[in-house]
Structure formats: structure tokens, C-alpha cells
Amino acid sequence: MAAEQGGKIDPMHQFLIEPAFGSHWIVGGYDLSFTNSAMWMVVTLVALWAFMIGGMKRELVPGRWQAAVEGFTGFISGMLEQNVGPGGKRFIPYVFSLFMFILFANIIGLLPFGIVPGVHPFTVTSHMTVTGVLALISFAIVLIVGFGKHGFHFFSLFVPSGTPALMIPLIFVVELMSFLVRPFSLGLRLFVAMTAGHILLKVLAAFVINGINLGGVYIGLVTAPSMLLMIGITLLELLVAAIQAYVFALLTSVYLNDAVNLH
């Protein structure tokens, strides 16, 4: 919920991390409070768990719920098979969990929980700490698989075949830097997309509220257009939420391909 400061709505207040239940828990000089970010991650996991349990009934004639779960599973399975090959099947549980967590977190962050008194919605993927950790976990798995399967031969990934001998040192450094920046760009892409969309929605919401407060002609000139635009942006954000989850999972599968199918 936006904070009102000097009669203005602060669009950045929605990203503030604070204790979920209003009090800090200090242990040994460290703040170990259960924050709103942690609470909404738990909400996301519970919602995802309920979705999976409801769709795992194994009925002979699948219902819509079961068909949805099987559809998501088949989608991730097909992505890994296309990008990694037969060896990608062992990564289905991880990439599926990654995709579904990001998707649910993105969508839950867009739902209007704020209309419930005392509930302050929070989008966990709008923080680089969350998206960065997810990216680092994916990057770590790529390194473990790459070095575990190929040993030091994994470094040949940074020297494309056919590279002239004189160019090898330069190309190696360039490719290595490009490889090391992968987790940063992976986490940054999701963080920026979700943050920018929520800021825009909050700004439009401020126009709607201010137009109503001013009354008269401002309702038609400011409130109505802003409301229509906000509805359109919300629908676009729902699409972006799904696209960003897909891109994160897709790039993870591409990086896994480099580790599994190194030549």
C-alpha cells in the first residue's frame, strides 16, 4: 500500500521490506525479523503446493486442474528436451519448480489483496536479493554439472572452436566475463521488469485517486483515462509475469545445455 507523504502517494513504498507483524526480532545484534518479503514467499509456496496437490489426482479422465498441472509439466519437459536433449530430463524438477515459483510470485504480487483491511501485498520478485539468489542457484548448478561432467575441460567453453591461437587469450577473457555476468543479467532482467511495472501501476493509481479527490471535471479528464490505462497495464503485467518466468526458465535451460553438451 502506498504511503502518503505530504499529500502525495509514494510509489516506492510498496517495495519497503519491514517486519510482517510489526515488531523486530533482534538476536545477537542482528535483525532476524520475519519480514513481509518472507511472508509472501511462504504464501507463494503454499499457493504453489495447493495447486500441485490439487492437480495430482491421477484421474483416468483429467479434469481442468490436473490438465493444467500436466500442461505446465509437459511445457517444461519439452523446453529442456529441445534445449538440452535427453540429458535434460534430470533437471525437470528444478527448472519446473523455478518456473512455477517465479510465475506464482509474479501473479500473486499483482492480485488486489490491498482491498482486504490490514493486508499489504508484496511482490517478492521486485527485489534483486530474491531474483539474484534464484539466478545464483541456477548458475551454481551449471558450474557443478559442467565441472562434474567435464572436469577442467569445461574451460573449453570459453574458447570457441576455430579460434586462432593468437586470439585465444583475448577470446578466453571475453567469453569468461560474458559467462560470469550471466547470473547478474538473469536476476536483473526479472527484477527490473517487475519493479518498473509496479511503479507504473502505482503512479496511475495516484492519478485516479487525486482525480477523484479533486472532483468535477478532473474525474473525466484524469481519473477515467488513468483507470482505463491502469486496467490495460495490469493485463499487460499479467502477460509480462508469465513471460519473465518463461525467460528465466528458458535461459536456465540454455545455460544447462552449455554444461551438459560441451564439445
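In this chain, numbering begins with 1 at the start of the sequence shown.
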Fill in: More than 12 heavy atoms of other groups within 6.0 Å of E81 CD
no
Worksheet item: Parallel, tilted or perpendicular: which fits the ring planes of F158 and F172, with parallel below 30° and perpendicular above 60°?
Response: perpendicular
Discussion item. If you define the side chain from C-beta out and look only at heavy atoms, does anything of F99 sit under 4.5 Å from F72?
Written reply: yes
Worksheet item: Would you say the side chain of P225 lies within less than 4.5 Å of the side chain of F207, judging by non-hydrogen atoms?
Response: no
Discussion item. If you define the side chain from C-beta out and look only at heavy atoms, does anything of V133 sit under 4.5 Å from I137?
Written reply: yes
Discussion item. Tell me whether M52 at atom CE has more than 12 heavy atoms from other residues, nucleotides or ligands lying less than 6.0 Å away.
Written reply: yes
Worksheet entry | Nearest non-hydrogen partners of F154 and A259, listed with the distance | CE1-CA, 3.9 Å
Discussion item. Please report the interatomic distance CG(L134) to OG(S97), rounded to the nearest 0.5 Å.
Written reply: 11.5 Å
Practice prompt. Check whether any side-chain heavy atom of L214 lies under 4.5 Å from a side-chain heavy atom of V222, and answer yes or no.
Written response: no
Worksheet item: Are T252 and Y94 close enough that a side-chain donor and a side-chain acceptor fall under 3.5 Å?
Response: no
Worksheet item: Looking only at heavy atoms, what is the nearest atom pair of T123 and A105, with distance?
Response: CG2-O, 4.2 Å
Worksheet item: For F122 and F15, what are the C-alpha separation, side-chain angles and deciding distance, and is it a ring pair (Phe, Tyr, Trp, His ring centres under 6.0 Å)?
Response: CA-CA 7 Å; F122 187 88; F15 306 117; 7.7 Å; no
Worksheet entry | Smallest separation among heavy atoms of V260 and H150, with atom names | O-NE2, 3.5 Å
Worksheet item: Can you find a heavy atom in the side chain of I108 that is under 4.5 Å from one in the side chain of M41?
Response: no
Discussion item. Take a 6.0 Å sphere around CZ of F184 and say whether it holds more than 12 heavy atoms from other residues, nucleotides or ligands.
Written reply: no
Discussion item. Quick check: do N213 and I209 have side-chain heavy atoms less than 4.5 Å from each other?
Written reply: yes
Worksheet entry | Residues, nucleotides or ligands: over 12 heavy atoms within 6.0 Å of L239 CG | yes
Fill in: Common cluster, M128/F139, ILVMFWY with side-chain heavy-atom separation under 4.5 Å
no
Discussion item. Using only atom types and a distance under 3.5 Å, with no angle test, would you say the side chain of S126 pairs donor to acceptor with the backbone of T195?
Written reply: no
Fill in: Residue K149 excluded, over 12 heavy atoms near NZ under 6.0 Å
yes
Discussion item. Quick one, H153 with F147, criterion ring pair (Phe, Tyr, Trp, His ring centres under 6.0 Å). Give me CA distance, side-chain angles, the key distance, then yes/no.
Written reply: CA-CA 8 Å; H153 180 62; F147 283 109; over 10 Å; no
Practice prompt. Indicate the atoms forming the closest heavy-atom contact of N257 with V84, along with that distance.
Written response: OD1-CA, 3.9 Å
Worksheet item: Where is the tightest heavy-atom contact between N106 and A241, given as atom of each residue plus distance?
Response: ND2-O, 3.0 Å
Worksheet entry | Closest non-hydrogen atom pair, L80 against S253 | CD2-CB, 3.6 Å
Discussion item. Before you tell me yes or no, could you show the steps for F104 and W49 under ring pair (Phe, Tyr, Trp, His ring centres under 6.0 Å), namely the whole-Å CA-CA distance, both residues' side-chain angles and the distance that decides it to 0.1 Å?
Written reply: CA-CA 11 Å; F104 270 60; W49 175 81; over 10 Å; no
Discussion item. If I take atom CD1 from residue I102 and atom CD1 from residue I107, how far apart are they, to the nearest 0.5 angstrom?
Written reply: 12.0 Å
Fill in: Close side-chain approach of M79 and I76, heavy atoms under 4.5 Å
yes
Discussion item. Set out, in order, the CA-CA distance, both residues' side-chain angles and the distance that settles ring pair (Phe, Tyr, Trp, His ring centres under 6.0 Å) for F96 and F101, then state yes or no.
Written reply: CA-CA 8 Å; F96 176 78; F101 176 81; over 10 Å; no
Worksheet entry | Under 3.5 Å donor-acceptor, E175 side chain and L157 backbone | no
Worksheet item: Side-chain contact, heavy-atom cut-off 4.5 Å: V208 with I212?
Response: yes
